[in-house]
**Q** 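Would you mind keeping the following structure in view while I ask a few things?
Atoms considered below: every heavy atom in the structure, side chains included; atoms not considered: hydrogens, waters and symmetry mates. Sequence lines set the chain letters: A, B, ... in the order given, protein chains first and strands last, and positions in each chain run from 1.
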Amino acid sequence: MDGFDAPYVPGWDCHGLPIELVVEKAHGKDIPAARFRELCREYAASQVERQKADFIRLGVLGDWDNPYLTMDYRFEADIIRELGKIQANGHLYLGAKPVHWCVDCGSALAEAEVEYEDKTSPAIDVAFPVADCSDLAQRLGLEAGGDCPAYAVIWTTTPWTLPANRAVAVHPDFVYDLVRTPKGLLILARDLAEAAIKRYGFETVETVAQIKGADLEGLTLQHPFYDFQVPIILADFVSLEAGVGLVHIAPGHGHDDYIAGLKYGLEVANPVGDDGKFYADTPIVGSQSIWAGNKTVLQTLTDNGHLLAEEKIQHSYPHCWRHKTPIIFRATRQWFIGMDKEGLRAKAMQAVADTEFFPAWGRARLEAMMKNRPDWCVSRQRNWGVPITFFMHKQTGELHPRSQELLEEVAKRVEQQGIEAWFSLDAKELLGESGELSAEHYEKAKDTLDVWFDSGVTHACLLKEREGLKHPADLYLEGSDQHRGWFQSSLLTGCATDGHAPYEALLTHGFVVDGKGMKMSKSKGNVIAPQKVSDTLGAEILRLWVASTDYSGELTISDEILKRVVEAYRRIRNTLRFLLANTADFQMAEHEVAMDRLLDIDRYALALTRQMQEEVLADYRVYSFHTAVQRLHHFCSEDLGAFYLDILKDRLYTSGANSRARRAAQTALWHILQTLTRLMAPILSFTAEEIWALTCKSDSVFLSVWHELPRQADADGLLGRWARLRELRGLATKRIEEFRAAGQVGSSLQADIVFLADGTDFDLLASLGDDLRFVTITSAARVERAPGDTRVEVAPLSHEKCERCWHVRPDVNVDPAHPGLCGRCVSNLFGEGESRAYA
RNA sequence: GGGGCCGUAGCUCAGUGGCAGAGCAGCAGCCUUAUAAGCUGCCGGUCGAGGGUUCGAUUCCCUCCGGCCCUACCA
């Protein structure tokens with residue numbers, strides 16, 4: 001409608017965990033993977049149809065017959081191709097990362113499959129001997145260095161992770177005490193030292209020195225039971241809520257630990273296998289389950305004297321939601337897109353700078369996330385997802401040297417048969433059976449892609465592939481949660497393949513909350529389902545509610561709010577109905593009155609309409625729909641209903657059907673109708689389309705452009721003069737109301753009013769001549785010159801009321817041939833008709 | 001706990017370093033030619049709270065309270 005072709009292709013992300021979970025629930029877990037994927041595909045397809053119907057019902061315009069589904073074979077193949085491009089550009093690497101791991105499932109768990117429940121664990125205090133006491137003494141500013149042994153003490157609830165210990169973390173800002181005890185010197189956070197000492201059962205202790213955490217960085221410690229040393233590192237997440245203010249770091253067994261480890265280049269040690277048992281070659285605990293390992297570690301520490309305390313503790317701990325058993329954090333081999341490997345982060349930051357944001361704060365949010373985010377782990381150990389189609393060396397894990405060619409080979413097959421082509425592929429088919437580069441040495445990667453990758457590459461798989469679409473997209477529109485999701489995944493893939501964002505602008509909206517601003521939840525019972533609103537009040541009301549709500553924050557909805565929306569809808573709809581009714585006998589081609597022969601008030605109404613249209617269009621162009629709705633509504637009720645249309649009724653109903661006065665009014669109404677119908681179409685689409693069908697020949701209002709209102713050179717003058725006239729009119733209505741309250745007049749047509757004015761007000765009122773009474777909707781009105789503030793006097797009229805025009809005039813019944821009519825009506829009906837210039 | 005945002009009348013929203021606005025709702029009337037309509041008037045606010053900057057703060061700054069999204073939910 002703004003003169004652009006703006007195609008919208010609806011689409012669905014079809015892969016992913018939520019679908020797997022539903023299918024698992026319905027069919028159980030013990031079905032062959034291939035069959036499982038078939039069921040997922042079926043389920044996804046059924047959901048697409050349901051959601052599609054809802055969107056169509058809402059009046060969303062899109063290419064519903066040709067949506068994109070990320071599970072289309074071609075799409076799946078293109079996802080793989082995008083992965084290939086990113087690999088070719090050097091952003092992809094194989095690394096290790098701790099994931100939630102269920103020993104009973106023998107697989108990684110997604111966040112959604114993790115439940116937190118209370119668990120009893122051993123809580124132990126472990127002493128890590130300081131390797132170089134003279135270094136410590138130097139840091140503390142103490143004389144000499146022989147004061148050994150000294151220990152850094154850590155507290156942990158997972159003793160079995162100690163074999164993977166690679167560091168001890170302290171908080172840079174905390175103060176640590178060096179305390180002399182019968183066991184030797186202990187390093188403990190000052191605020192926790194007393195409690196710790198008590199726990200260890202020491203009576204007399206002496207604080208030898210104090211040191212800031214930051215000054216401990218790099219101090220070397222001896223592992224408490226292995227023959228290697230670990231450093232003290234700094235980490236902000238260290239707290240004083242429990243323990244001793246020093247944290248044991250096992251990068252392979254904890255998220256925080258992993259992040260801290262990345263910073264310090266620590267090894268991501270993972271001595272634990274898929275089955276939850278230590279690898280056989282792990283010293284001391286080899287081949288034991290981690291739970292047995294707990295005991296062995298404890299025993300070892302007791303024996304070598306490094307165990308300071310042992311307690312039982314109950315705490316919240318992650319459990320597998322299926323097995324209800326405690327899960328572990330375990331480092332596994334994963335695929336990553338590196339943020340800094342090939343400058344991706346820098347490109348992404350630039351892309352954020354180049355993007356337009358609605359509202360503007362989206363930029364800060366995305367920027368902050370991009371700046372801090374770790375590398376993107378794109379692999380998942382799942383069934384229903386696009387496979388990572390690489391061949392890796394069985395021993396080294398190196399990618400096959402022909403990876404790019406092979407990937408395209410695979411993509412071609414996926415294009416024909418879907419992802420199943422990969423899963424059922426025998427590596428020998430592509431690699432051959434023998435030789436250095438054959439299936440003898442290389443195996444298929446088993447992972448699937450993070451679904452965020454699927455959605456992240458839609459710009460490539462859809463926009464670049466389908467005819468008539470533009471890349472980059474004009475706009476990506478999503479809820480504010482997608483700063484973390486789609487906005488980001490799309491940005492990263494776009495930057496990794498094209499070097500820029502796949503969108504030019506981002507629009508984000510808040511979430512729907514109840515009337516009190518509270519999140520909706522089934523348990524609270526405050527959920528208002530959009531389907532229900534649509535079914536009871538209609539899709540149009542739902543559309544208007546969305547449009548009239550400021551989406552930059554939360555969108556509140558309640559019964560009262562919807563009631564107000566219905567009111568607003570009625571107002572707009574009734575206004576349009578009036579316009580339709582009063583232009584029913586009007587044909588523009590036949591009856592149009594030239595602009596310069598319209599009455600003054602008509603020309604004002606058109607100037608006002610034009611102004612309103614410009615404002616609404618300006619709103620639309622920055623996606624400010626709620627202000628547009630307010631303007632439209634205000635225009636209908638204030639400018640039209642309470643003013644122009646109210647005044648116009650007399651002319652429309654009483655002047656000659658084909659008189660210039662009436663046709664002039666209709667000309668203006670026709671323009672207003674045209675303007676409003678199109679202007680409201682993006683929001684009140686059904687209503688606009690309905691009106692369009694009544695007034696125009698063409699198929700759809702959406703195939704039209706904004707109505708072009710006639711330009712008026714003196715528009716500003718008109719707007720200025722009539723703005724003041726409306727204020728003066730307000731004085732009259734207010735004064736008349738006093739007489740009405742006193743019972744002296746009912747209808748304003750029973751009143752005779754006099755404006756007492758001077759200066760410009762006098763001139764303005766006088767300029768309307770006899771038409772002044774039509775503006776005030778009184779049967780008589782005049783201006784008298786008087787100094788001071790402009791004011792109004794009212795006198796009730798006692799003449800007869802004309803039964804046709806309802807004006808109370810002295811000349812009612814003047815024509816004996818037409819009893820009950822005033823002179824004006826007789827003239828309008830049988831004579832030349834009255835002439836009006838202003839109103 | 002961290003990051004981002006929001007808080008103006010009963011409801012939806014404007015607004016500005018200088019008297020706080022509209023529509024709807026409510027109340028009181030009018031009209032019966034938009035009639036499950038229309039018109040008029042009235043009522044309605046500590047601009048979330050408390051500090052600070054300023055001659056002056058609803059507006060700029062800080063703190064707090066309440067709410068929303070993301071993230072971390074720990075050793």
**Q** For B:U40 and B:A49, measure between their C1' atoms and round to the nearest Å.
**A**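 40 Å, rounded to whole Å.
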**Q** If we call it a pair only when both distances are under 3.5 Å in a Watson-Crick or G-U wobble match, what pairs with B:C60?
**A**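 Paired with B:G52.
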**Q** What interatomic distance, in whole Å, is found between C1' of B:G45 and the corresponding atom of B:G10?
**A**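 Nearest-Å result for B:G10 against B:G45 at atom C1': 12 Å.
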**Q** Given atom CD of A:Glu638 and atom P of B:A22, what is their separation to the nearest angstrom?
**A**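 Taking atom P of B:A22 as the reference, CD of A:Glu638 is at 8 Å.
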**Q** Please give, in whole Å, the distance from B:C6 P to A:His509 NE2?
**A** 17 Å
**Q** Is the Lys NZ or Arg CZ of A:Arg726 less than 6.0 Å from the centre of A:Phe643's six-membered ring, within 45° of the axis?
**A**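 Relative to the ring axis of A:Phe643, which defines the angle, A:Arg726 lies inside both limits.
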**Q** Compare the minimum distances between each of B:A14, B:A34, B:A75 and the side chain of A:Thr158, then state the nucleotide with the smallest one.
**A**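 For A:Thr158, the side-chain atoms sit closest to B:A75.
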**Q** Which label fits A:Trp486 and A:Tyr476: parallel for a plane angle under 30°, tilted from 30 to 60°, or perpendicular past 60°?
**A**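 Parallel, since the angle between the ring planes stays under 30°.
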**Q** Looking at A:Ser747, I'd like to know whether one of its side-chain N or O atoms comes within less than 4.0 Å of OP1 or OP2 on B:C30.
**A**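 For B:C30, neither OP1 nor OP2 has a side-chain N or O of A:Ser747 closer than 4.0 Å.
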**Q** Ignoring the backbone of A:Arg564, work out which of B:G10, B:G41, B:C30 is nearest its side chain.
**A**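 Between B:G10, B:G41, B:C30, the one nearest the side chain of A:Arg564 would be B:G10.
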**Q** In terms of side-chain heavy atoms of A:Glu737, which of B:C5, B:G41, B:G10 is nearest?
**A** B:G41
**Q** Quick one: which of B:U71, B:A75, B:C24 gets closest to the side chain of A:Thr157?
**A**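 Closest of the options to the side chain of A:Thr157: B:A75.
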**Q** Between A:Glu834 and A:Arg836, does any NZ, NE, NH1 or NH2 come within less than 4.0 Å of an OD or OE carboxylate oxygen?
**A**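 Yes.
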**Q** RNA chain B: A:Met369 or A:Leu640, which has the more 5' nearest nucleotide?
**A**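 Looking at the nearest nucleotide for each, A:Leu640 comes out on the 5' side.
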**Q** As a test of reading the structure: which of B:G3, B:A34, B:G29 is closest to the side chain of A:Ala368, going by heavy atoms?
**A** B:G3
**Q** When you compare B:U54 with B:C42, how far apart are their P atoms, in angstrom units rounded to a whole number?
**A**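 Roughly 41 Å separates the two P atoms.
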**Q** Any base atoms under 4.0 Å from A:Glu554, or only sugar-phosphate, or nothing? Heavy atoms, all strands.
**A** base
**Q** Across all strands, who's sitting opposite B:G66 as a Watson-Crick or G-U wobble pair, both distances under 3.5 Å?
**A**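 Across all strands, the one nucleotide that pairs with B:G66 is B:C6.
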**Q** Rounded to whole angstroms, how far apart are NZ on A:Lys519 and P on B:G66?
**A**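 Going from NZ in A:Lys519 over to P in B:G66 covers 16 Å.
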**Q** Let me know the distance between CD1 of A:Ile557 and P of B:G67, rounded to the nearest Å.
**A** 21 Å
**Q** Taking only the P atom of each, what is the distance from B:G2 to B:G48 in whole angstrom?
**A** 25 Å
**Q** Taking the inter-plane angle between the rings of A:His509 and A:Phe511 on a 0 to 90° scale, is it parallel (under 30°), tilted (30 to 60°) or perpendicular (over 60°)?
**A**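 Tilted.
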**Q** Has A:Lys649 got a side-chain N or O lying under 4.0 Å from the OP1 or OP2 atom of B:C39?
**A** no
**Q** Pairs of donor and acceptor atoms involving the side chains of residues 252-259 of chain A, under 3.5 Å and at least two apart or interchain, shall be tabulated with distances.
**A**
from     : atom 1 : to       : atom 2 : distance (Å)
A:His253 : ND1    : A:Phe329 : O      : 2.8
A:Asp257 : OD2    : A:Ala250 : N      : 2.8
A:Tyr258 : OH     : A:Ala96  : O      : 3.3

**Q** Would you say a side-chain N or O of A:Arg631 is under 4.0 Å from OP1 or OP2 of B:A14?
**A**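 Indeed not, no polar side-chain atom of A:Arg631 lies that close.
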**Q** For A:Gly641, answer base if it contacts any base atom (sugar-phosphate contacts may also be present), sugar-phosphate if it contacts only those atoms, and nothing otherwise; contact means non-hydrogen atoms under 4.0 Å.
**A** base
**Q** For a quick check of understanding: with a heavy-atom distance under 4.0 Å over all strands, which category does A:Asp550 fall into, base, sugar-phosphate or nothing?
**A** sugar-phosphate
**Q** Could you tell me whether the phosphate oxygens of B:G41, OP1 or OP2, come under 4.0 Å of any side-chain nitrogen or oxygen in A:Thr733?
**A**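 It does, given that an N or O in the side chain of A:Thr733 lies less than 4.0 Å from OP1 or OP2 of B:G41.
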**Q** Determine the contact category for A:Arg577: base if any of its heavy atoms lies under 4.0 Å from a base atom, sugar-phosphate if only primed atoms, P, OP1 or OP2 are that close, otherwise nothing.
**A** sugar-phosphate
**Q** Considering Watson-Crick and G-U wobble pairs with both distances under 3.5 Å, what does B:C11 pair with?
**A** B:G23
**Q** Rounded to the Å, how far apart are A:Asp646 CG and B:C39 P?
**A** 6 Å
**Q** Under the criterion salt bridge (Lys or Arg N to Asp or Glu O under 4.0 Å), I'd like the reasoning laid out for A:Asp646 against A:Lys649: C-alpha separation, chi angles, the key distance, then a yes or no.
**A** CA-CA 6 Å; A:Asp646 204 27; A:Lys649 283 174 192 169; 3.6 Å; yes
**Q** Just call it for A:Glu738: base, sugar-phosphate, or nothing, with non-hydrogen atoms closer than 4.0 Å on any strand.
**A** nothing
**Q** Using the side-chain heavy atoms of A:His248, tell me which of these nucleotides is nearest: B:A75, B:C5, B:C73.
**A**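 Among the listed nucleotides, the one closest to the side chain of A:His248 is B:A75.
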**Q** Report the distance from atom CG of A:Leu506 to atom C1' of B:G4, rounded to the nearest whole Å.
**A**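 Roughly 15 Å, once rounded to whole Å.
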**Q** Between B:C47 and B:U58, how many Å separate the two P atoms, rounded to a whole number?
**A** 6 Å
**Q** What is the nucleic acid contact for A:Gly517, judged by heavy atoms within less than 4.0 Å: base, sugar-phosphate only, or nothing?
**A** sugar-phosphate
**Q** Please report the distance separating the C1' of B:G52 from the corresponding atom of B:G17, rounded so that it comes out in whole Å.
**A**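 Here B:G52 and B:G17 have their C1' atoms 15 Å from each other.
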**Q** With rounding to the nearest 0.5 angstrom, report the CE to CG distance, A:Met680 to A:Leu544.
**A** 9.5 Å
**Q** Using a 4.0 Å heavy-atom cut-off across all strands, classify A:Ala642 as base, sugar-phosphate, or nothing.
**A**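 Since only primed, P, OP1 and OP2 atoms lie under 4.0 Å of A:Ala642, the category is sugar-phosphate.
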**Q** Quick one: does A:Arg365 reach the base of B:C69 with a side-chain donor-acceptor pair under 3.5 Å?
**A**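 Answer is yes: a donor-acceptor pair is held.
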**Q** At 4.0 Å (heavy atoms only), tell me whether A:His634 reaches a base, stays on the sugar-phosphate, or touches nothing.
**A** sugar-phosphate
**Q** Using a heavy-atom cut-off of 4.0 Å across all strands, would you classify A:Thr654 as base, sugar-phosphate, or nothing?
**A** nothing
**Q** Roughly, in whole Å, what's the span from CD1 in A:Ile777 to P in B:G41?
**A** 12 Å
**Q** Counting just side-chain N and O atoms, does A:Arg571 come under 4.0 Å of either OP1 or OP2 of B:C39?
**A**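 It does, given that an N or O in the side chain of A:Arg571 lies less than 4.0 Å from OP1 or OP2 of B:C39.
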**Q** For the pair made of CG in A:Leu749 and C1' in B:C31, what is the distance, rounded to whole Å?
**A**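 Going from A:Leu749 (CG) to B:C31 (C1'), I get 10 Å.
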**Q** Taking the six-membered ring of A:Phe755 (Phe, Tyr or Trp), confirm whether the NZ or CZ of A:Arg791 is under 6.0 Å from its centre and within 45° of its axis.
**A**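 No.
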**Q** Pick the P atom in B:C62 and in B:C24, then give their distance to the nearest Å.
**A** 39 Å
**Q** In the strands shown, is B:C39 matched to any nucleotide by a Watson-Crick or G-U wobble pair with both distances under 3.5 Å, and which?
**A**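 B:C39 is paired, partner B:G29.
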**Q** Base, sugar-phosphate, or nothing for A:Thr556, non-hydrogen atoms under 4.0 angstrom?
**A**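 Touches sugar-phosphate only.
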**Q** Below the 4.0 Å mark, does B:U32 have OP1 or OP2 next to a side-chain nitrogen or oxygen of A:Lys801?
**A** yes
**Q** With rounding to whole Å, what would you report as the distance between B:C68 and B:C27 at their P atoms?
**A** 33 Å
**Q** Nearest-nucleotide wise, let me know which of A:His633 and A:Met518 is further upstream toward the 5' end of RNA chain B.
**A**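 Here A:His633 is the residue nearer the 5' end.
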**Q** Answer with base, sugar-phosphate or nothing: what part of the nucleic acid does A:Arg570 contact at a heavy-atom distance below 4.0 Å?
**A** sugar-phosphate
**Q** Between A:Arg564 and A:Glu560, is the salt bridge (Lys or Arg N to Asp or Glu O under 4.0 Å) condition met? List the steps.
**A** CA-CA 6 Å; A:Arg564 305 285 160 261; A:Glu560 174 173 7; 3.2 Å; yes
**Q** Salt bridge check, A:Glu737 against A:Arg740: does any charged N sit closer than 4.0 Å to a carboxylate O?
**A**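 Looking at A:Glu737 together with A:Arg740, the answer is yes, because their closest N to O distance falls below 4.0 Å.
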**Q** Across the strands shown, which category fits A:Gly510 at heavy-atom distances under 4.0 angstrom: base, sugar-phosphate, nothing?
**A**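 Here A:Gly510 touches no strand at all.
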